[in-house]
Amino acid sequence: MSQAVDSAGTADGESRRDFLLYATGAVGAVGTALAVWPFIDSMNPAKDVLALATVEVDLSPVAVGQAITVVWRGKPVFVRHRTPEDIEQAKAVDVSTLRDPETDEERTIKPEWLVMVGICTHLGCVPKGQKPSDPKGEWNGWFCVCHGSQYDTAGRIRKGPAPLNLPVPEYAFLDDTTIRIGEEG
């Protein structure tokens, strides 16, 4: 039996077989992607979870020197209405001496309000310092009793094993007395 040979020297059957293999592979890949997509899409956050992506906080009842804790995305967020002394102390720090160098201005929108996630960056404990009776450490900020990390009045790590400052979430002032924590939709 003789087989037809094209100008490149390959048999017609081989080029058809190659085409069928590639076409079958492409259809199989598209079919797999379509079958797997609902599973992948189910990993996106649900609408009720996205609704909790932001929280609005009324700051009007918070007196100077007072701190409150709000929950955002299941995490404690510390909001402190700082005193002029707190602000002055935070601004007077030589940033080059800090383990995680950030100026006070980089950590606040309005200097009198400090907003940050209240989870120690060492092992995830919640530092003390929100209540007037809590230990605040040497820098009058926050003190993590688990391993002794101390944060200053700007939430920057000053002493102990924590590697980073307390994180500042994305937030915005909606007016003079209301903030929204988290990104808007």
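Worth knowing before you read on, the calculation uses all heavy atoms, side chains too, and leaves out hydrogens, waters and symmetry mates. Sequence positions, counted from 1, serve as the residue numbers for this chain.
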(request) Look up atom CG in Asn165 and atom CD in Glu106, then write down how far apart they are to the nearest 0.5 Å. (result) 10.0 Å

(message) Quick one, Val115 and Pro169 - any side-chain contact, counting heavy atoms below 4.5 Å?
(response) yes

(request) Might you confirm whether atom CD of Glu88 has over 12 heavy atoms from other residues, nucleotides or ligands at distances under 6.0 Å? (result) no

(request) Calculate, to the nearest 0.5 Å, the distance between atoms OG1 and CD belonging to Thr83 and Gln66 respectively. (result) 13.0 Å

(message) Has Ser42 got a side-chain atom pairing as donor or acceptor with Phe39's backbone, closer than 3.5 angstrom?
(response) yes

(request) Indicate the atoms forming the closest heavy-atom contact of Pro76 with Thr69, along with that distance. (result) CB-CG2, 3.8 Å

(request) Find the distance between CG (Asp152) and CG (Asn140) and round it off to the nearest 0.5 Å. (result) 10.0 Å

(request) Looking only at non-hydrogen atoms, find the nearest pair between Leu166 and Pro127 and report the distance. (result) CD2-CG, 4.3 Å

(request) Would you kindly confirm whether Phe78 and Leu123 end up in one hydrophobic cluster when ILVMFWY residues are joined by side chain heavy atoms under 4.5 Å apart? (result) no

(message) Minimum heavy-atom separation for Glu102 and Arg156, please, with both atom names.
(response) O-NH1, 3.0 Å

(message) Quick check: do Arg80 and Asp86 have side-chain heavy atoms less than 4.5 Å from each other?
(response) yes

(request) First locate atom CD1 of Ile179, then atom CG of Leu174, and finally report the distance between them rounded to the nearest 0.5 Å. (result) 8.5 Å

(request) For Lys75, check salt bridge (charged side-chain N to carboxylate O under 4.0 Å, His left out) against everything at least two apart and list the hits. (result) none

(request) Answer with yes or no whether the side chains of Thr97 and Asp94 bring together a donor and an acceptor at under 3.5 Å. (result) no

(message) Within the structure provided, determine whether Glu112 and Ile87 are in side-chain contact (heavy-atom separation under 4.5 Å).
(response) yes

(message) Assess the residue pair Arg158 and Glu138 against the criterion (salt bridge (Lys or Arg N to Asp or Glu O under 4.0 Å)); give the C-alpha distance rounded to whole Å, side-chain angles, the decisive distance to 0.1 Å, and a yes or no.
(response) CA-CA 9 Å; Arg158 300 298 296 273; Glu138 297 172 39; over 6 Å; no

(request) Treat each ILVMFWY residue as a node, draw an edge where side-chain heavy atoms are under 4.5 Å apart, and state whether Val95 and Leu164 are in one component. (result) no

(message) Quick check: do Trp142 and Met116 have side-chain heavy atoms less than 4.5 Å from each other?
(response) yes

(request) Apply salt bridge (charged side-chain N to carboxylate O under 4.0 Å, His left out) to Asp104 and list each qualifying residue two or more places apart in sequence or on a separate chain. (result) Arg82

(request) Drop me the distance from Ile109's CD1 to Tyr171's OH, to the nearest 0.5 angstrom. (result) 4.0 Å

(message) Show me the pairs that pass salt bridge (Lys or Arg N to Asp or Glu O under 4.0 Å) and involve residues 115-134, at least two apart or across chains.
(response) none

(request) Grab the two heavy atoms, one from Ala162 and one from Tyr151, that are nearest each other, plus how far apart they are. (result) CB-OH, 3.2 Å

(message) Restricting to non-hydrogen atoms, name the atom on Thr121 and the atom on Pro167 that form the minimum distance, rounded to 0.1 Å.
(response) CG2-CD, 4.1 Å

(request) Compare all side-chain heavy atoms of Trp113 with those of Val79 and state whether any distance is below 4.5 angstrom. (result) yes

(request) Measure the shortest side-chain to side-chain distance between Lys91 and Glu105 over non-hydrogen atoms and say whether it is less than 4.5 angstrom. (result) yes

(message) Taking Val62's backbone N and O only, do any of them form a donor-acceptor pair with His81's side chain (distance below 3.5 Å, no angle check)?
(response) yes

(request) Indicate yes or no for a side-chain donor-acceptor contact from Arg107 to the backbone of Ala154 under 3.5 Å, with no hydrogens or angles considered. (result) yes

(message) Ignoring hydrogens, what is the shortest heavy-atom contact between Ser149 and Ile157? Give both atom names and the distance.
(response) CB-CD1, 3.9 Å

(request) Report whether Leu114 and Val64 are members of the same hydrophobic cluster (ILVMFWY, side-chain heavy atoms less than 4.5 Å apart, transitive linking). (result) no

(message) Can you tell me how far apart CZ (Phe143) and SG (Cys125) are? Round to the nearest 0.5 Å.
(response) 11.0 Å

(message) Using the rule that Ile, Leu, Val, Met, Phe, Trp and Tyr join whenever any side-chain heavy atoms are under 4.5 Å apart, tell me whether Val71 and Val77 fall into a single cluster.
(response) no

(request) Please check if Ile181 and Leu59 belong to a single hydrophobic cluster, counting links between Ile, Leu, Val, Met, Phe, Trp and Tyr side chain heavy atoms closer than 4.5 Å. (result) yes

